[in-house]
Participant: 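Below are the structure tokens for one structure; questions will follow.
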Amino acid sequence: MEKNTGEFLLSVDHISLSFGGVNALTDISFGIREKEVFAIIGPNGAGKTSMLNVINGFYHPQEGEITYKGVHRKQMKSHDAAVQGIARTFQNVALFKGMSTLDNIMTGRIIRMKRNIFWQALYLGPARKEEMENRAFVEDIIDFLEIQAIRRTPVGRLPYGLQKRVELGRALAMEPDLLLLDEPMAGMNIEEKQDMCRFVLDVNDQYGTTIALIEHDMGVVMDISDRVVVLDYGKKLADGTPDEVRENQAVIDAYLGVPH
Amino acid sequence: MTVAKKTDETLDTIPKLLLDHAKKRGESTANRLKDFGIWQSWTWSEVSEEVRNLACGLAKIGFQRGDKLAVIGNNRPRLYWSMVAAQALGGIPVPLYQDSVAEEMLYVLENADVKYAIVQNQEQTDKLLEIKDRLPQLEHICYEEPRGMRDYTQDFIHYYKDIQEKGRTFQSENPDFYLHEIEQGQGSDISIFLYTSGTTGKPKGVVLTADNLIITARNSIEFDNLSSEEEVLAYLPMAWVGDNIFSLAQAYVIGFCVNCPENPETVMTDLKEIGPTYYFAPPAIYETVLTKVMIRMEDASKIKRSMFNYFMDLAKSVGIRILDGKSVSFTERILYGIGHLLVYGPLKNNLGLSRTRLAYTAGEAIGPEIFEFYRSLGINIKQLYGQTEASVFICAQPDGQVKADTVGTAYPGVELRLADNNEVFYRSPGVFHSYYKNPESTAETKDAEGWVATGDAGFFDDDGHLKIIDRAKDVGQMNDGTMFAPKYIENKLKFFPFIKEAVAFGNEKDYTSAFICIDIEAVGNWAERQNLAYSGYTDLSARVEVYDLLQECVETVNADLARDEKLSGSQIKRFLLMHKELDADDGELTRTRKVRRSIVAEKYEELIAALYDPQQTHCEIDSQMTFEDGRTGMVHADLQIRESARIESNVQTLAA
């Protein structure tokens, strides 16, 4: 099915990132279009997570330029990225283990709340109204992700697959324009993967959110993404539609190895 | 607000009752649904309007008198309203089990000539679309939840609220239409088709009239003294006759509030929030809850545990007597009061049963300990005996005469008799009209005078209570002439928390043997305490330690059987533990979780052969398993066979 993906929402140009003498990323350029599902793939240590970290401002590249929503920047700042509508999930689930599912997702709304901590502590008038609006928004997400039954359960007690889902919920609570998912399906069984795929596609379809994801399961990547970029040793090997990438000789060599 | 206890008997259809409630007590709450974390509610007048709009909308897209409307989904107010809307138009609702796969639905939809379907969500819509090519008569599908339905642009698929919108316009153009349609309805009209899940063969469509449901509901309201103040939680399948009585007919006759859970996984939390005053559950649910309580108590601190044990022992002797209205001494009352404060009250609150005045169970025998546990807490749990063909009620236990091993006396309006082979026959106002398009089966089950064969064998005890032992056709004979009632034995086995399911064999054999499925939760917990590591169900059930544990259970059952002269010969000689749970998806259980004996026997033929071959101490098996998405896989296992000790009948010695 041909999707109506639009202009570039975010593009990176000639990004290079190094830690001391190690070049994590070398001269990487690609663009992510509005409303598409974009996958970053590559072998271990290829620089995929570093790339996401650059996009949401956790790492600052030495060279290159990031263009997000038409604004050119040398680097992103984490807080800016969040305010500008970039949300992410982490490879190792990063939730507040002792808090309930509901509270964890509520933390994603903090960035949208206007009242300061004192108002919120008093829980009066406008703060109360705001809390209720945000709670309603969070309930929408809980319904969307079908996690009603664990609303009050501390996330530390949940199985891994559900924790990942809660983390996705928290990212969605930020009403992101661009959602970065770092290995959303790692460590899941087939059924959990199917569920997660459906949620990713539903998020993309229903909220029109642009999604950039890192994933190792090639079946998943080729199925759900509109375009793919392949990294290897910090360099870009190829980008294009899943079919184009699959045919690309450099990619095949990187994944299957070449005779020396 | 006055508490309604009786309603006008001239109101002979559900839609007429709805109009009456909307008029007389329009502001009372009729339905609640937990959605987005909040209990949303509708009053009777709102429900009346919702139903009217839906009915008019259905009429607008062509619904005629006599048309069949399939209803598929979890318990949701909108789906209940769909059934009432169909009835208002003189149509017939056909609720289906929502977890059936498309192929299973195909038969029912075809057999019932379903033209319209109202379904809950995308999942159910997809199932219907999968089989639509083979269902030429299915014209319209209407869905309740819009999620994921954006790309479904076919013009025969409608959104529930769009239909209601059409209905609103239709109503303003034809203001007399709706009331006129309802007036045409009468008590003898066919009200619903309910497909029996069918322990054998294809499901049969039981045709019930409005009179069947409403007169039965009236009798039951009187029998149990129900009022419009009751709160119930509707969580059992809508396709099951019980739900149609408890959540629909009774609610519409007397006007109490029906609450629908958020989704099937949240039932226990929702139950706690609602605190129903009147509650129905199959024995399996009471049992699961009790098992959970016991497991959690074992993890509790020593003080709490000993407090729990002390007061539960007290409750067993005192609580039951209080409930039965028997004499209780002053000190016992004081102690029970303290127990209520410390243990019973908090426990009931935790189970969501604080306000429960009346609880019913039916369908399978319930273990005496389970039964006692709830009664000792002061919950008036009673057994009833019923069938789809009887609009549920055949027998029930009157207050104060409750015994764990009987199903009570004949229900008001029900006549009972036993045939020579002990099969139970009944006649009542609830007796079904017919099986749809199946006159042969109707004639086999119901005779010209209206007596219906239940297919169950039973006898009356000294107090005139009916005791059901098994399906009449399943009661067999062993080679030495001993009566063999498999279900009786299986139920005794299943009363142990470690045993989830059991299947006994012995008809026309030399001795009895059994398949046993362990309860993974209870046995798993036990294994943890024994420091026994295991990787999963198959591994756990193959452990020697687990076999030892289960052997004890089997031998206790044997000792129990030995006490009964007629059944002593059917003690279990050999048994094995199954490598997988019996599952409805594999066709081994019905959707209501009853064992399909013949299918199990056929599928595991080799295992049965091994049980009757004294040479064999183990048996290898490859069996097919169906996953939830419908794909299948093979499972391989090597099962051991155990011999259990049998006890010589001691009936004679006792008598001497």
Side-chain angles (χ1 to χ4, degrees), chain A residues 1-4 35 100-106 109 131-154 157-159 161-162 165-166 169 172-173 188-209 224, chain B residues 32-40 73-76 78 98 120-126 143-153 159 233 235 259-274 292 296 299 350 352 535-537 585 625-633:
Chain A
M1 188 177 51
E2 197 55 42
K3 249 197 310 200
N4 194 11
K35 295 197 170 50
S100 69
T101 298
L102 180 69
D103 290 338
N104 265 287
I105 300 178
M106 273 305 253
R109 295 300 295 168
E131 172 93 5
M132 287 208 261
E133 283 164 6
N134 284 303
R135 171 71 194 274
F137 190 88
V138 168
E139 283 294 341
D140 248 340
I141 291 170
I142 289 178
D143 186 68
F144 181 81
L145 295 176
E146 294 164 13
I147 46 178
Q148 296 96 332
I150 55 164
R151 193 184 276 127
R152 300 276 179 198
T153 317
R157 292 213 325 241
L158 297 175
L162 277 179
R165 215 189 280 183
V166 175
L172 286 178
M188 287 191 175
N189 63 31
I190 290 191
E191 220 160 293
E192 288 170 331
K193 274 187 190 177
Q194 281 179 349
D195 280 346
M196 198 54 145
C197 282
R198 195 163 54 86
F199 289 126
V200 169
L201 291 173
D202 280 354
V203 168
N204 179 248
D205 184 57
Q206 203 154 322
Y207 295 113
T209 311
I224 69 173
Chain B
R32 282 193 206 102
L33 166 70
K34 193 167 184 192
D35 206 6
F36 299 112
I38 298 173
W39 287 97
Q40 327 265 349
N74 294 329
N75 310 69
R76 319 273 293 180
R78 289 195 179 83
Q98 72 274 26
Q120 188 194 349
N121 51 19
Q122 186 186 12
E123 180 190 346
Q124 308 294 354
T125 311
D126 284 346
Y143 58 89
E144 190 213 325
E145 290 173 12
R147 167 155 188 216
M149 298 297 298
R150 257 191 8 183
D151 298 325
Y152 292 65
T153 49
Y159 178 35
L233 186 74
Y235 69 102
N259 301 282
C260 296
E262 194 163 16
N263 66 32
E265 286 92 61
T266 61
V267 168
M268 289 323 276
T269 341
D270 297 337
L271 185 72
K272 207 166 139 183
E273 287 174 4
I274 288 297
K292 272 192 192 145
R296 284 182 63 180
D299 288 332
N350 224 304
S535 65
Y537 190 92
D585 287 340
M625 233 175 126
T626 312
F627 300 112
E628 280 202 346
D629 61 359
R631 288 178 305 165
T632 54

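Order of the sequence lines fixes the chain letters, A, B, ..., with proteins taken first and strands second; residue numbering starts at 1 for each chain.
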Participant: Please state whether the side chain, the backbone, both or neither of A:Asp205 comes within less than 4.5 Å of a heavy atom of chain B.
Facilitator: both
Participant: So which part of A:Ile147 gets closer than 4.5 Å to some heavy atom of chain B, the side chain, the backbone, both or neither?
Facilitator: neither
Participant: Testing A:Val138, A:Asp140, A:Ile142 for side-chain contact (heavy atoms from CB on, under 4.5 Å) with B:Phe36, which one passes?
Facilitator: A:Asp140
Participant: Of all heavy-atom pairs between A:Glu139 and B:Gly37, which one has the smallest distance, and what is that distance?
Facilitator: OE1-N, 3.4 Å
Participant: So, taking the atom named CG in A:Asp143 and the one named CD in B:Glu262, what distance separates them when rounded to the nearest 0.5 Å?
Facilitator: 7.5 Å
Participant: Below 4.5 Å from any heavy atom of chain A, which atoms of B:Asp270 appear? Answer side chain, backbone, both or neither.
Facilitator: neither
Participant: Looking at A:Arg152 and B:Thr269, would you say the former's side chain and the latter's main chain have a donor-acceptor pair under 3.5 Å?
Facilitator: no
Participant: Within this structure, what is the CZ-CD distance for the pair B:Arg147 and A:Gln206, rounded to the nearest 0.5 Å?
Facilitator: 6.5 Å
Participant: Go through B:Lys34 and A:Gln148 one step at a time and tell me if the side chain to side chain contact (heavy atoms under 4.5 Å, CB included) criterion holds.
Facilitator: CA-CA 10 Å; B:Lys34 193 167 184 192; A:Gln148 296 96 332; over 6 Å; no
Participant: Quick check for you: to the nearest 0.5 Å, what is the distance between A:Arg198 atom CZ and B:Gln122 atom CD?
Facilitator: 7.5 Å
